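Just below is one structure, and these are the notes that go with it.
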Amino acid sequence: MIPAAATLDEIATVPALLAYWTAQDRTAMAARFHEQAMTYGDLSEAVETLSSALIAAGIKHGDRVAVLVPPSIDFYVSYLATVSVGAIWLGLNPKHTAEELAYVINDADPKLILFQSEIRGRAFSETINEIARSNELRPLVVEITGSGLVRSLADHISFPAAILQNAASPSDRTSVHPDDPALIVYTSGTTGDPKGALIPHRGLTRCSLIQAELLGLERPIALNNLPINHIGCVGDITTYILAGGGCVVFQEQFDPEGGLALIEKHRITAWLQVPTMFQLSFDRGRPEAYDLSSLKVIVWSGAPASRNLIERLRGLAPLIANLYGMTETVGSITYAIDEPLDIFEETVGSPPPAYCVRVGSAEDMPANDGEIGEIQVKGPMHMLGYWRRPKATAEAYTPTGWLKTGDLGRRRSDGRIELAGRLKEVFKSGGYNVYPREVERCLEDCDGVSMAVVVPVRDEMFFEVGHAFVLPKSNDAPNEQTVMDFCRSKLANYKVPKKVTIDPDLPMLPIGKLDRKALKKRAAEQQP
Ligand code: AMP
């Protein structure tokens with residue numbers, strides 16, 4: 001653990017974390033992916049080389065670097081190298097459609113796009129090159145070939161690898177400030193337009209150091225199989241492990257049995273996932289076939305876990321914990337660690353002393369204990385705002401500067417917070433946020449659809465899934481399969497509604513909008 005003397009303000013940038021642990025022990029293991037293994041010494045060298053190459057490629061402080069790779073060592077090195085030259089790293093999700101990728105790339109305007117040509121059988125070269133060609137800034141596009149990340153970039157900017165070592169003398173590097181943005185993480189509001197939350201170095205380091213201290217593991221070893229465009233992958237797992245001087249074991253994508261095999265093989269000590277992933281690991285992964293005795297901490301986050309699931313997790317590790325936070329808060333803002341079952345079920349624990357978290361009233365004041373209000377946070381570690389969206393940024397805060405989470409909750413007299421539903425309509429499917437308006441807009445683009453509403457319904461496996469109600473155009477109503485297929489061609493799978501009801505007599509509000517509340521009730525009544 002980083003000694004208390006190295007306070008949150010002393011190690012307040014991501015490269016400072018890497019430098020600290022490399023200085024402690026260069027031979028300690030930092031990352032694994034398939035047969036690749038990197039010590040802290042190896043990782044620092046790879047980061048140094050790639051950051052020199054980035055500078056040689058013209059990447060400057062504040063430029064965006066977009067990366068499309070699975071959770072892997074390439075992800076880790078690209079993230080650390082980008083932020084160590086003061087540029088802003090952006091993760092892309094291979095599950096996203098060409099349209100979704102184009103939206104994010106065109107919004108962030110990266111100067112460089114690094115991508116793996118094929119991920120899970122999908123080829124990306126044409127899509128990424130096409131997007132880059134139509135982007136006004138014409139980003140440099142680099143396909144990562146078999147020769148690796150650095151070599152691929154070097155080949156592209158056509159200078160010999162030897163130059164890389166000297167390409168960036170220390171004076172070429174602008175220093176990185178704790179309040180500089182390190183990442184852009186795209187997230188959507190109720191309007192469905194994804195917005196890029198700017199995540200500062202200080203937020204990543206502070207939240208991760210606090211998490212490392214609270215979970216209390218010496219050099220933790222964690223499984224990381226979350227998509228790289230999610231804060232969970234970059235912040236809650238990777239930077240947390242870096243803050244504790246530990247090792248990240250990457251897995252290309254979540255796979256219920258493969259994850260268990262990695263826990264056994266690498267003696268993983270920290271297992272952090274969303275509840276749906278744990279449930280799938282137990283239901284489909286044959287947990288009894290693997291030795292999971294190395295596990296010391298299990299953490300769920302992103303959605304509530306059922307009593308049954310919590311009981312199973314408790315049987316697997318000496319310490320279990322429920323962490324609550326969101327992209328914009330950077331890390332978790334409340335912690336429930338080693339609590340009785342009822343507390344785990346009812347609450348998300350309480351904020352650590354370093355965080356300012358309140359339940360806010362409609363008058364921009366703290367609500368009384370027991371009263372429902374919006375959970376809000378203040379302090380230097382949360383997002384800096386939304387990329388190029390001053391209006392949305394202003395709307396994200398109360399007049400007195402509290403960041404609004406959009407989650408409703410109440411503070412109990414014991415200081416713990418109970419979640420009480422969503423202020424917004426966003427729902428969670430398998431750990432992902434689904435923004436109904438985005439899906440509705442897609443449905444409304446389908447031939448024969450006049451209007452659509454998507455509401456969440458409870459689901460054993462995914463926690464919530466979408467049920468779409470579609471008002472057809474009078475003459476050429478599509479069938480349910482056509483609508484589903486259309487969504488599948490436009491949206492990532494977790495956004496596609498699992499049920500579609502086409503009905504010309506859907507309940508309407510007087511102003512001509514579909515009645516979302518009535519449809520939510522109808523969907524719940526139709527649940528088996
Ligand atoms: P994201 O920005 O994708 O990380 O999603 C954040 C949202 O997930 C929060 O606003 C909450 O609504 C929900 N969430 C996060 N952690 C928890 C948790 N431990 N229990 C219940 N819901 C959670």
Side-chain angles (χ1 to χ4, degrees), residues 14 64-72 74-76 78-80 82-83 88-97 100-101 103-105 107-108 116 119-120 181-189 194-200 203-204 207-208 211 222-242 248-255 259 270-278 280 299-303 323-333 382-383 386-387 405-406 426-435 438 462-464 491-495:
V14 176
R64 280 76 55 214
V65 174
V67 179
L68 177 65
V69 295
S72 57
D74 277 354
F75 144 70
Y76 202 3
S78 75
Y79 158 47
L80 294 176
T82 300
V83 305
I88 308 175
W89 184 90
L90 164 68
L92 302 172
N93 188 338
K95 276 193 177 179
H96 283 168
T97 63
E100 291 166 318
L101 290 170
Y103 176 89
V104 167
I105 291 171
D107 192 76
Q116 188 173 306
I119 304 177
R120 295 178 223 152
L183 315 173
I184 301 187
V185 178
Y186 276 81
T187 173
S188 299
K195 300 188 289 287
L198 281 171
I199 308 294
L204 285 163
C207 292
S208 300
Q211 184 174 319
L223 178 65
N224 192 349
N225 50 21
L226 300 178
I228 68 163
N229 66 317
H230 199 276
I231 191 73
C233 170
V234 192
D236 304 63
I237 302 186
T238 305
T239 315
Y240 149 65
I241 291 299
L242 182 60
V248 193
V249 177
F250 291 105
Q251 186 188 19
E252 224 142 19
Q253 72 177 111
F254 170 71
D255 143 31
W271 195 15
L272 301 88
Q273 294 187 138
V274 296
T276 309
M277 294 162 98
F278 287 118
L280 283 165
V299 174
W300 71 95
S301 186
L323 274 50
Y324 159 77
M326 67 190 305
T327 306
E328 287 85 341
T329 63
V330 182
S332 299
I333 53 172
H382 309 311
M383 74 155 182
Y386 294 111
W387 171 249
T405 63
V426 180
F427 62 92
K428 276 258 155 167
S429 200
Y432 279 106
N433 278 351
V434 180
Y435 301 91
E438 185 189 7
F462 296 104
F463 177 59
E464 288 174 322
L491 299 170
N493 59 355
Y494 63 88
K495 300 177 188 172

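Worth saying up front: this structure is predicted, and the values here are computed from it rather than measured. In what follows, residues are counted from 1 in the order of the sequence shown.
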Legend entry - For Ala222 against Ile241, the heavy-atom pair lying closest together: CB-CD1, 3.4 Å

Inset, instruction - Report the relative orientation of the aromatic rings in Phe250 and Tyr76; use parallel for angles under 30°, tilted for 30 to 60°, perpendicular for over 60°. - result: perpendicular

Inset, instruction - Answer yes or no: is there a donor N or O on one side and an acceptor on the other, between the side chain of Trp387 and the main chain of Asp107, under 3.5 Å? - result: yes

Inset, instruction - State, without any angle test, whether Gln211 and Ser208 hold a side-chain donor-acceptor pair at a distance under 3.5 Å. - result: no

Inset, instruction - Look only at the side chain of Thr97 and the backbone of Glu100, and say whether a donor-acceptor pair between them is shorter than 3.5 Å. - result: yes

Legend entry - Intermediate values then yes/no, side-chain contact (heavy atoms from CB on, under 4.5 Å), Tyr186 and Leu90: CA-CA 9 Å; Tyr186 276 81; Leu90 164 68; 3.7 Å; yes

Inset, instruction - Say whether, by atom type as modelled, one donor and one acceptor occur between the side chain of Thr238 and the main chain of Gly235 under 3.5 angstrom. - result: no

Inset, instruction - Would you check if Val67 and Phe75 make a side-chain contact, meaning some heavy-atom pair closer than 4.5 Å? - result: no

Inset, instruction - Could you check if a side-chain atom of Leu223 sits within less than 4.5 angstrom of a side-chain atom of Asn225, using non-hydrogen atoms only? - result: yes

Inset, instruction - Locate the shortest heavy-atom distance separating Asn224 from Cys233; write the atom from each residue and the value. - result: ND2-O, 3.2 Å

Inset, instruction - Measure the shortest side-chain to side-chain distance between Tyr386 and Glu328 over non-hydrogen atoms and say whether it is less than 4.5 angstrom. - result: yes

Inset, instruction - Kindly indicate whether the side chain of Phe462, heavy atoms from C-beta on, has any atom under 4.5 Å from the side chain of Tyr494. - result: no

Inset, instruction - Ignoring hydrogens and angles, tell me if any N or O in the side chain of Ser301 forms a donor-acceptor pair with the backbone of Leu323 under 3.5 Å. - result: yes

Inset, instruction - Answer whether the closest heavy-atom distance between the side chains of Val234 and Ile199 falls below 4.5 Å. - result: no

Legend entry - Stepwise side-chain contact (heavy atoms from CB on, under 4.5 Å) test for His96 and Asn229: CA-CA 10 Å; His96 283 168; Asn229 66 317; 3.8 Å; yes

Inset, instruction - Please say whether the positively charged group of Lys428, taken as NZ for Lys or CZ for Arg, lies over the ring of Phe463, i.e. under 6.0 angstrom from the six-membered ring centre and within 45 degrees of the axis. - result: no

Inset, instruction - To the nearest 0.5 Å, tell me how far Lys495 NZ sits from Ser429 OG. - result: 12.0 Å

Legend entry - Worked verdict on Asp236 versus Ile231 for side-chain contact (heavy atoms from CB on, under 4.5 Å): CA-CA 7 Å; Asp236 304 63; Ile231 191 73; 4.0 Å; yes

Legend entry - Nearest atoms (heavy-atom pairs only) where Ala197 meets Thr327: CB-CG2, 4.2 Å

Inset, instruction - Please examine the side chains of Pro94 and Leu68, heavy atoms only from C-beta on, and report whether any two atoms are closer than 4.5 Å. - result: yes

Legend entry - Residue pair Leu183 / Tyr79, side-chain heavy-atom distance below 4.5 Å: yes

Inset, instruction - Of all the heavy-atom pairs spanning Phe254 and Met277, show the shortest one and how long it is. - result: CZ-O, 3.4 Å

Inset, instruction - Could you verify whether a donor N or O on one side chain and an acceptor N or O on the other, from Tyr324 and Thr329, lie under 3.5 Å apart? - result: no

Legend entry - Heavy-atom closest contact (Gln116 atom, Pro70 atom, distance): OE1-CD, 3.1 Å

Inset, instruction - Compare all side-chain heavy atoms of Met383 with those of Val185 and state whether any distance is below 4.5 angstrom. - result: no

Legend entry - Backbone N/O of Asn493 and side chain of Lys95: donor-acceptor pair under 3.5 Å: no

